[in-house]
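The first residue of the sequence shown is numbered 1, and numbering continues consecutively from there. The figures here come from the full heavy-atom set of this structure, side chains too, leaving out hydrogens, waters and symmetry mates.
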Amino acid sequence: MEIADKILHAVRAGVEELYGQSVGEGVLQLQATRPEFEGQLTLVVFPLLRISRKKPEDTAREIGEYLVGKVPEVVAGYNAINGFLNLSIATSQWISLLQEIRQDPTYGFVPVTEESPLVMIEYSSPNTNKPLHLGHVRNNLLGWALANVMQANGNRVVKTNIVNDRGIHICKSMLAWLKYGNGETPETSGKKGDHLIGDYYVAFDKHYRQEVSQLVEQGMDEETAKQEAPLIKEAHEMLVKWENNDPEVRDLWRRMNEWVYAGFDQTYKALGVGFDKIYYESETYLEGKEKVEEGLAKGLFYRRDDNSVWADLTKEGLDEKLLLRSDGTSVYMTQDIGTAKLRFQDYPIDKMIYVVGNEQNYHFQVLSILLDKLGFKWGKDLVHFSYGMVELPNGKMKSREGTVVDADDLIATMIADARQMSADKVNKLENITEEEAQEIARIVGMGALKYFILKVDARKNMLFNPEESIDFNGNTGPFIQYTYARIRSILRKAGDVDLAALDTDTELSDKEIGLIQHLHGFRDTVRQAGNDYNPSCIANYCYELVKEYNQFYHDFSVLREPDEKKRRFRIALSAAVGQVVRNGMGLLGIEVPERM
């Protein structure tokens with residue numbers, strides 16, 4: 001039984017014995033004692049005054065006396081301040097709690113069974129005409145962390161990706177490669193496939209703008225020029241051929257997409273993320289059109305005179321939403337409906353979470369209503385995990401101004417910076433090989449990147465500063481990783497110490513008790529992260545825990561403590577902190593090094 005449960009059980013018995021009345025559910029309030037007062041847990045007495053019919057101080061004192069007398073193995077002392085009863089918990093309870101935490105490798109996690117709810121999480125959603133950038137990095141890291149958090153809360157989780165592999169933007173890259181590529185491939189160029197295709201997307205835009213400028217100089221207005229430029233007309237013709245399954249266009253499309261997928265896979269691997277199932281818009285858009293036609297037949301949607309299909313959502317307080325263009329082609333909403341249909345066929349989904357930026361808030365508000373109308377049981381309650389944009393110290397990322405941060409470049413830079421920043425520390429390690437030093441740099445660099453992004457509440461826009469993220473001090477990934485490595489060093493030096501049975505009468509300091517309380521709070525933090533869809537509270541919990549541990553390590557000896565009972569306790573406490581840090585950072589997809 002939990003310490004809090006033991007106390008509440010005793011308080012109920014005490015109130016009945018002292019005042020002759022039972023306590024109703026939800027009346028008793030137990031909270032952490034404020035730092036300026038003695039004790040660890042505080043009972044709020046005010047709700048009990050109508051039962052005791054006494055002053056707050058008298059009621060608190062009488063209950064305190066009862067607890068010390070009846071359950072001294074739980075409550076060692078008390079002090080009453082007005083209507084607050086501050087309780088000092090017996091040392092044996094804290095040591096037992098520490099052992100419970102330390103001996104459970106998955107402390108704080110809820111087991112997953114075959115009957116657990118099935119949660120599907122969609123993230124990444126790249127386009128096959130360009131490589132992943134910093135915005136995608138935040139999306140992927142949030143999606144992966146959220147999937148881990150949901151699983152830690154007892155859910156079965158399916159991680160999915162929807163790849164935008166069709167449309168005019170894809171044809172632009174294809175056309176540019178045909179015109180300017182001279183048969184270039186990733187092998188001949190030495191470039192990753194996604195970078196190669198991205199270069200041709202940029203090349204298309206460059207030549208297209210030149211054509212538009214020439215037409216404007218010849219007297220055409222700019223909007224007309226954008227539509228009449230030969231390149232954009234050719235790209236549209238290619239899209240029509242793709243829609244009509246033209247063999248040559250489809251063959252080129254498949255070949256270039258394979259280059260991109262190979263490039264994406266390298267980036268995903270470097271980020272440490274992956275998927276259980278990947279869907280492709282080229283396979284879902286026709287399913288969406290079919291579902292829209294079905295909704296049209298049922299009177300859920302309507303067709304306008306120009307043959308376009310719409311959903312009237314004015315009764316829901318929204319506007320009218322286009323679902324099929326007049327030429328019968330689909331829009332993004334149609335594709336999302338088709339993807340939902342396929343997913344529901346593949347998996348018995350209980351909850352669907354979309355990890356997509358906040359510029360799509362309205363889109364998902366509409367999608368939820370449409371899926372519900374179409375009969376998807378999870379449609380009404382779908383979750384749009386809406387996150388803010390990533391900005392740089394010099395402003396927002398803009399591809400045409402060359403300020404987009406490429407994901408692969410960012411990863412390489414973070415690892416290189418970590419190697420440089422940690423060179424002195426790593427070089428001091430005994431018997432360190434070059435390969436091991438590089439692996440530490442990778443773990444630290446990626447930890448810095450992931451933590452800096454994930455410690456921020458996802459709903460907020462964030463400023464990404466690589467120099468701040470790699471710092472070994474403050475609220476950063478390397479600071480937490482370095483503390484973990486320090487703990488692992490302590491445990492190695494401690495050798496083979498029997499921690500199975502700690503002495504329950506070991507004298508503990510307030511700092512040590514505070515650390516155990518903090519460790520105990522990991523379970524509630526995991527619950528909160530799942531309930532709020534907020535991985536950042538895991539990140540900030542880990543930071544507060546290691547900050548508290550470092551203060552303890554500064555104030556108390558561990559291996560040099562002469563009292564054997566205290567020394568064994570502090571080794572066990574260190575081991576428990578390391579275990580929880582590893583598990584917490586693991587939820588964020590962050591590795592922690594054994595040495596650093």
Side-chain angles (χ1 to χ4, degrees), residues 3 32-33 35-41 72-77 87-105 107-108 425 428-431 472-473 478-523 541-585 592-596:
I3 294 174
T33 303
E36 62 266 33
F37 297 112
E38 185 180 348
Q40 295 88 39
L41 293 174
E73 73 280 5
V74 180
V75 179
L87 303 172
S88 296
I89 309 305
T91 297
S92 61
Q93 296 296 313
W94 295 120
I95 292 177
S96 296
L97 177 57
L98 173 65
Q99 289 293 68
E100 177 190 334
I101 295 169
R102 192 185 62 78
Q103 292 170 359
D104 182 359
Y107 177 79
K425 289 184 173 67
K428 290 177 182 176
L429 295 176
E430 293 181 11
N431 304 318
F472 281 75
N473 299 299
F479 173 70
I480 296 170
Q481 290 172 319
Y482 188 69
T483 302
Y484 177 81
R486 166 182 282 167
I487 290 172
R488 296 303 297 166
S489 175
I490 290 170
L491 297 179
R492 283 193 298 271
K493 290 174 182 175
D496 188 16
V497 179
D498 182 15
L499 303 177
L502 300 179
D503 293 277
T504 56
D505 62 346
T506 304
E507 183 183 345
L508 302 183
S509 67
D510 290 343
K511 182 78 70 177
E512 289 163 325
I513 292 172
L515 261 177
I516 298 172
Q517 283 185 285
H518 205 125
L519 287 169
H520 184 234
F522 181 59
R523 181 175 55 191
Y541 167 88
C542 290
Y543 170 63
E544 292 298 330
L545 177 61
V546 300
K547 187 169 68 169
E548 199 169 322
Y549 178 82
N550 281 324
Q551 290 171 351
F552 154 77
Y553 182 78
H554 179 269
D555 294 343
F556 297 90
S557 296
V558 178
L559 299 179
R560 294 180 181 175
E561 167 58 50
D563 185 309
E564 184 186 348
K565 291 196 295 186
K566 286 185 179 181
R567 184 168 66 252
R568 281 202 306 148
F569 166 80
R570 289 172 187 172
I571 292 170
L573 179 61
S574 298
V577 171
Q579 172 183 302
V580 170
V581 167
R582 182 179 66 248
N583 289 344
M585 295 290 270
V592 282
E594 289 291 309
R595 299 200 293 169
M596 188 171 159

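The shortest side-chain heavy-atom distance between Tyr484 and Met585 does not fall under the 4.5 Å cut-off.
More than 12 non-hydrogen atoms from other residues, nucleotides or ligands lie less than 6.0 angstrom from CZ of Phe472. Other residues, nucleotides and ligands place more than 12 heavy atoms under 6.0 Å from the CD atom of Glu100. With a 6.0 Å radius and a threshold of 12 heavy atoms from other residues, nucleotides or ligands, Glu507 has its CD atom at or below the threshold. Counting non-hydrogen atoms of other residues, nucleotides and ligands closer than 6.0 Å to CZ of Arg492 gives a total above 12. More than 12 non-hydrogen atoms from other residues, nucleotides or ligands lie less than 6.0 angstrom from CD of Glu544.
Residues Ala494 and Ile571 approach most closely at CB-CD1, 3.8 Å, considering heavy atoms. Residues Ile487 and Ser574 come closest through the heavy atom pair CG2-O, 3.2 Å. Taking every heavy atom of both residues into account, Val546 and Val581 meet most closely at CG1-CG2, 3.6 Å. Minimum interatomic distance between Asn583 and Pro105 (heavy atoms only, all atoms of both residues): ND2-O, 2.9 Å. Looking at every heavy atom in both residues, Thr506 comes nearest to Thr91 through O-CG2, 2.8 Å. Across every non-hydrogen atom of Asp498 and Arg568, the tightest pair is O-NH1, 2.9 Å.
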Practice task
Decide side chain to side chain contact (heavy atoms under 4.5 Å, CB included) for Thr483 and Leu545; before the verdict, give the C-alpha distance in whole Å, the side-chain angles of both, and the deciding distance to 0.1 Å.
Solution key: CA-CA 10 Å; Thr483 302; Leu545 177 61; over 6 Å; no

Exercise for the section: Could you walk me through whether Trp94 and Gln40 pass side chain to side chain contact (heavy atoms under 4.5 Å, CB included), step by step? Expected result: CA-CA 11 Å; Trp94 295 120; Gln40 295 88 39; 3.6 Å; yes

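In this structure, Phe479 has its ring center no closer than 6.0 Å to that of Tyr482.
A donor-acceptor distance shorter than 3.5 angstrom exists from the side chain of Tyr541 to the backbone of His518, with no hydrogens or angles considered. Judged by distance alone, with hydrogens and angles left aside, the side-chain atoms of Gln93 form a donor-acceptor pair with the main-chain N or O of Glu73 at under 3.5 Å. Gln579 contributes a side-chain N or O that, together with a main-chain N or O of Ile101, makes up a donor-acceptor pair within less than 3.5 Å. With hydrogens and angles disregarded, no donor-acceptor distance shorter than 3.5 Å links the side chain of Asp503 to the backbone of Asp505. Of the possible donor and acceptor atoms, none in the side chain of Arg488 sits under 3.5 Å from a partner among the backbone N and O of Pro593.
The SG atom of Cys542 sits 6.5 Å away from the CZ atom of Phe522 when rounded to the nearest 0.5 Å. For the atom pair CG (Leu499) and CG (Leu491), the distance works out to 8.0 Å, reported to the nearest 0.5 Å. Atom CD of Gln551 and atom CD of Glu548 lie 7.0 Å apart (nearest 0.5 Å). How far CG of Asp510 is from OG1 of Thr33: 10.5 Å, rounded to the nearest 0.5 Å. Annotation: the span from Ile89 atom CD1 to Ile3 atom CD1 amounts to 6.5 Å, rounded to 0.5 Å.
With respect to Leu98, the side chain to side chain contact (heavy atoms under 4.5 Å, CB included) criterion is satisfied by exactly one of Ile513, Leu573, Leu515: Leu573.
The aromatic rings of Phe552 and Tyr549 are tilted relative to each other, their planes meeting at an angle between 30° and 60°.
In this structure, Glu512 pairs ionically with Arg570, as a charged nitrogen and a carboxylate oxygen lie closer than 4.0 Å. Looking at Glu564 and Arg567, no side-chain N of the basic residue comes within less than 4.0 Å of a carboxylate O on the acidic one, giving no salt bridge.
Counted by atom type alone, Gln99 and Arg102 present one or more donor-acceptor pairs between their side chains at under 3.5 Å.
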